[in-house]
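Just below is one structure, and these are the notes that go with it.
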Amino acid sequence: MKTSILHDVSELPTYGFGTRMTMAWGTMAFILIEGTGFAIAAAAYFYLAWLNPEWPLSAAPPGLLWSGLITLLMLVSLWPNQRAKARAEEHNLPAVQLHLLVMSAIGLGLLALRAAEFATLHVKWDANAYGSFVWLLLGLHTTHLATDVIDTIVLTALMFTRHAHGKRFSDVTDNAFYWYFVVASWLPIYFILYWTTRL
Amino acid sequence: MSEASVRPAKDVRDTQLDAAELHARLARTWGSGRGLLAALSTVDHKIIGRRYIVTAFLFLFLAGLSAVAMRLQLARPESALMGPDLYNQLFTMHGTTMMFLFAVPVMEAFAVYLVPLMVGTRNIAFPRLNAFSYYVYVFGGLMLWVAFALNIGPDTGWFAYVPLSGPENSPGKRVDFWAQMITFTEVAALAVSVEIITTVFKQRAPGMTLDRLPLSVWTQLVTAFVVIFAMPAVMLASTMLILDRLVETHFFNPAEGGDALLWQHMFWFFGHPEVYIIFLPATGFVSSIVVTFSRRPMFGYLPMVLSVISVGFLSFGLWVHHMFTAGVPQLGASFFTGASMLIAIPNGVQIFCWIATLWDGKPVFRTPLLFALGFIVIFVIGGLTGVMVASVPIDTQVHDTYFVVAHFHYVLIGGAVFPLLGAVYYWFPKLTGRMMSERLGTWHFWLAFVSFNVAFFPMHILGLQGMPRRVYAYQAEMGWGPLNLLVTIGAAFFFLSFVLFLWNAVTSLRAGAPAGDNPWDAGTLEWATSSPPSPQNFDRIPFVTHREPLWAQRDALTVVAGLAVDHREVLVTSVTEARPDLRETSPAPSIWPFVSAIAVGATFIASIFTPWGVVWGAAPVGVALICWFWPKGAPEDEE
């Protein structure tokens with residue numbers, strides 16, 4: 001088919017930030033998928049809580065120490081996360097490296113706290129349906145957390161190599177955006193597991 | 001935007017080359033190479049899409065054969081052709097394969113192949129994820145059928161209700177294979193949805209505003225969103241089922257605070273939208289076919305788009321109508337009856353728009369249009385029985401009978417398979433460069449249309465006579481023998497129609513008439529390129545000025561220039577107005593998606609046998625994924 005050139009795109013940039021990039025849309029789609037998974041797990045939890053005359057079933061809700069520390073550290077992490085995103089948009093590599101190192105350390109710290117928490121739960125997964133749900137929700141969240149922590153560590157390593165230029169800065173902002181979701185998805189799970197049974 | 005990200009044009013651009021050289025160099029840049037390693041590393045959406053389509057049709061034939069085997073057993077009363085155990089496996093394999101390994105994947109397969117061409121881009125977004133999704137799907141399907149061949153095929157029906165599928169009533173590994181197959185196929189489907197959403201939102205050709213988006217692409221976009229909101233429910237449910245079976249959790253065990261109906265809610269929260277995940281893309285096929293063969297643009301484009309979107313929303317308000325006999329509260333049942341009837345309205349709007357388009361056009365009755373018309377007839381009948389079973393009293397009477405079997409086969413085969421067959425006849429020339437035989441196509445249509453009705457219409461009557469689903473034998477005194485024999489004869493001829501279709505496809509592939517770029521004189525962008533398309537899809541990205549660009553610009557298609565030639569670059573545009581915004585690189589071929597799929601598959605399969613499979617599998621999966629994402633120094637990695 002014959003063609004006639006109407007427009008020249010030579011001068012367009014090869015990358016941008018946020019929703020200008022395809023990667024941001026992929027990230028948002030994965031957030032939708034995981035968010036839906038969490039929402040359905042929470043709905044199933046409430047379904048059983050509503051169905052059973054007593055809830056939690058013959059076990060105390062999980063303790064507030066480790067989960068409190070996790071929540072606190074999550075909220076604290078928003079600051080370096082925001083800094084990493086802002087510095088990446090400025091292409092400030094040393095600052096990006098620093099904040100990514102901080103975020104990696106925070107991620108590992110969160111996983112360590114979660115490991116400690118699993119050891120102190122008052123109910124096992126095979127005790128009853130309540131125990132099953134406590135482990136399911138925490139297990140899902142731990143998998144989600146671990147995946148993003150590994151992703152952050154790999155990206156941190158990448159930003160110390162010769163590949164740390166151009167669209168990698170955009171990748172850092174996407175990673176930071178995803179971390180907001182990690183924090184935002186934890187808060188309702190935290191409220192459901194630790195507080196709805198105490199209120 | 002920082003100035004640092006605007007790089008000077010040192011690389012070779014398409015403005016510097018004449019047409020022949022541009023075509024050759026782009027084909028080299030976007031080509032997949034030769035050899036086994038290259039075949040497993042390809043990220044070309046057309047190659048992956050073709051593989052997806054062929055694999056899905058292979059599963060269709062396997063599921064069809066299992067249906068024929070069941071019909072042979074039911075052809076006469078008290079038949080001893082097979083025992084209940086094999087029969088249970090067969091109906092489970094039939095339903096599971098049709099729904100999870102054929103219907104959903106084949107619709108996605110068409111999306112993977114067609115959407116990038118229809119929106120005028122060079123590859124799907126996240127092409128490595130696309131390759132990964134295909135391999136995961138293949139491994140899941142193979143696992144299920146190998147299990148069946150070893151007599152450990154699942155036997156609790158395609159929706160695997162607890163407590164039948166729970167640890168006490170289904171010991172062994174049969175249900176575990178079913179549950180893990182869900183994980184495989186849903187991972188694949190979710191990945192494709194992410195790709196389609198991003199491709200449609202960000203990689204449309206400039207000028208293709210959302211109101212110029214082909215209806216077929218609209219349906220694929222809405223379907224992708226429905227997949228994203230529906231499939232996590234069944235993935236989670238099947239994971240909980242495996243946990244109940246493997247590590248003794250109690251999600252579905254009423255003795256320990258769990259609940260059996262929780263499974264039904266979670267399954268059907270996915271299961272009803274699933275019907276629309278299959279049906280919506282099929283309506284897109286019908287729209288493409290009806291427009292092309294009516295020789296006029298779609299009547300009521302806007303109502304069509306709104307109908308598709310509202311069907312997507314309403315599909316989530318229907319799930320409880322599968323559970324009317326499970327003792328749900330009356331108010332709930334009334335709500336879901338209302339919602340089930342409500343969805344007939346946007347579906348009806350679509351049907352009236354197609355009829356109006358045909359009415360006002362100059363219809364050309366080629367094979368694709370025959371299948372589209374067959375769809376309208378069969379689907380309307382299925383829709384009418386759908387409105388009937390949406391009513392609680394009628395549903396209570398016919399629940400679990402052959403009436404329901406007849407209903408959903410009219411809806412699914414009429415609503416999805418007929419449009420799909422029309423789509424194959426319609427796009428076969430684009431995929432292969434050759435036309436399918438019209439004579440055989442006409443024979444195929446009429447054989448399929450008549451035999452389908454012979455096979456499935458009597459099931460309504462059998463159901464009203466009280467014949468339950470999923471019985472492997474019945475007594476002669478019930479009086480169901482003659483109609484069952486008729487059903488079996490219809491089913492055998494219906495299967496034969498698919499053999500005829502296969503024959504047509506294979507012979508046309510070898511010796512069909514050459515198709516040319518646009519054999520149907522269609523208006524959308526996939527027909528603006530060669531048949532089959534070259535690896536780069538388009539030598540220059542079209543600049544769209546009309547809903548049917550090829551009808552609006554018959555002399556010369558307006559295009560944009562300025563993209564790189566020596567490495568893979570796609571044009572990224574704004575979400576609603578499709579204004580050119582970025583020249584993003586597109587990933588080059590890689591073996592790591594294949595390796596990752598093997599690692600993921602091995603982990604999933606190992607986890608059927610021991611929970612430690614997840615732990616041990618995590619390391620190879622992690623390594624493979626890191627190798628996948630780590631830049632290798634290719635120009636595509638270093639922008």
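Each chain gets a letter, A, B and so on, in the order its sequence line appears, and its residues count up from 1.
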Item to complete: Answer whether the closest heavy-atom distance between the side chains of A/W135 and B/V247 falls below 4.5 Å.
Response: no
Practice prompt. With rounding to the nearest 0.5 Å, note down the distance linking CZ in A/R20 to CD in B/E584.
Written response: 10.0 Å
Item to complete: Find the one option among B/V560, B/D581, B/I228, B/D259 whose heavy-atom pairs under 4.5 Å with chain A are most numerous.
Response: B/D581
Worksheet item: Is the count of non-hydrogen atoms from other residues, nucleotides or ligands lying under 6.0 Å from A/W66 atom CH2 greater than 12?
Response: no
Worksheet item: Do A/M23 and B/F126 come within less than 4.5 Å of each other through their side chains, counting heavy atoms only?
Response: yes
Practice prompt. Please tell me if the side chains of B/V572 and A/L12 come closer than 4.5 Å, counting only heavy atoms from C-beta onward.
Written response: no
Worksheet entry | Check against side chain to side chain contact (heavy atoms under 4.5 Å, CB included), A/V9 and B/I541 | CA-CA 10 Å; A/V9 295; B/I541 302 302; over 6 Å; no
Discussion item. Take a 6.0 Å sphere around CZ of B/R554 and say whether it holds more than 12 heavy atoms from other residues, nucleotides or ligands.
Written reply: yes
Item to complete: Could you look at B/F252 and say if it's the side chain, the backbone, both or neither that has a heavy atom under 4.5 Å from chain A?
Response: neither
Fill in: B/T558 and its side chain to side chain contact (heavy atoms under 4.5 Å, CB included) partner, picked from A/L6, A/I5, A/T3
A/L6
Practice prompt. Heavy-atom distances under 4.5 Å only: say whether A/M21 touches chain B with side chain, backbone, both or neither.
Written response: both
Worksheet item: Among residues 236-245 of chain B, which ones touch chain A with a heavy-atom distance under 4.5 Å?
Response: B/L236, B/M240, B/L243
Worksheet item: Does anything in residues 110-138 of chain A pair up under salt bridge (charged side-chain N to carboxylate O under 4.0 Å, His left out), and if so which pairs, sequence neighbours excluded?
Response: A/R114-A/E117
Worksheet, complete the sentence: Nearest heavy-atom approach of A/A129 to B/G258 is CB-N, 3.5 Å
Item to complete: Determine whether A/W25 and B/V575 make a side-chain contact, defined as any pair of heavy atoms from C-beta on separated by less than 4.5 Å.
Response: yes
Worksheet item: If every non-hydrogen atom of B/G562 is compared with every non-hydrogen atom of A/S10, which pair is closest and at what distance?
Response: CA-OG, 3.2 Å
Worksheet item: Less than 4.5 Å apart, any side-chain heavy atom of A/H7 and any of B/P206?
Response: no
Practice prompt. Could you grab the distance from atom OG of A/S132 to atom CD of B/E256, nearest 0.5 Å is fine?
Written response: 9.0 Å
Discussion item. If you apply the rule side chain to side chain contact (heavy atoms under 4.5 Å, CB included), what do you find for B/W630 with A/T161, and how did you get there?
Written reply: CA-CA 11 Å; B/W630 194 266; A/T161 68; 3.8 Å; yes
Worksheet, complete the sentence: A/K167 and B/E636 have their tightest heavy-atom pair at NZ-O, 3.0 Å
Worksheet item: CG of B/D555: more than 12 outside heavy atoms within 6.0 angstrom?
Response: no
Worksheet entry | Engaged part of A/T19 at the chain B interface, taking heavy atoms whose separation is under 4.5 Å | backbone
Item to complete: Flag the one option from A/D8, A/L155, A/T22, A/I150 with the top tally of heavy-atom pairs under 4.5 Å to chain B.
Response: A/T22
Practice prompt. Quick one: pull up CG in B/L190 and CG in A/L32 and give me the separation to the nearest 0.5 Å.
Written response: 11.0 Å
Discussion item. Within the structure provided, determine whether A/T14 and B/T585 are in side-chain contact (heavy-atom separation under 4.5 Å).
Written reply: no
Worksheet item: What parts of residues 195-202 of chain B touch chain A if we use heavy atoms and a cut-off under 4.5 Å?
Response: B/T198, B/F201, B/K202
Worksheet item: If you round to the nearest 0.5 Å, how far is CH2 of A/W125 from CD of B/E248?
Response: 9.5 Å
Item to complete: Please state whether the side chain, the backbone, both or neither of B/F225 comes within less than 4.5 Å of a heavy atom of chain A.
Response: side chain
Fill in: Separation of A/L136 CG from B/T249 OG1 (nearest 0.5 Å)
8.5 Å
Practice prompt. Identify which part of B/I626 has an atom lying under 4.5 Å from any heavy atom of chain A, answering side chain, backbone, both or neither.
Written response: side chain
Discussion item. Given heavy-atom pairs under 4.5 angstrom as the criterion, report whether the side chain, backbone, both or neither of B/S574 touches chain A.
Written reply: neither
Worksheet entry | Residues, nucleotides or ligands: over 12 heavy atoms within 6.0 Å of A/W79 CH2 | no
Practice prompt. Find the one option among A/E90, A/K2, A/M28, A/H163 whose heavy-atom pairs under 4.5 Å with chain B are most numerous.
Written response: A/H163
Fill in: Heavy-atom contact with chain B under 4.5 Å, split by part of A/L140
side chain
Item to complete: Examine whether an atom of B/L129 lies under 4.5 Å from a heavy atom of chain A, and if so say whether it belongs to the side chain, the backbone or both; otherwise answer neither.
Response: side chain
Fill in: Interface residues of residues 35-57 of chain A facing chain B - non-hydrogen atoms under 4.5 Å apart
A/T36, A/G37, A/I40, A/A41, A/A44, A/Y47, A/L48, A/L51, A/N52, A/L57
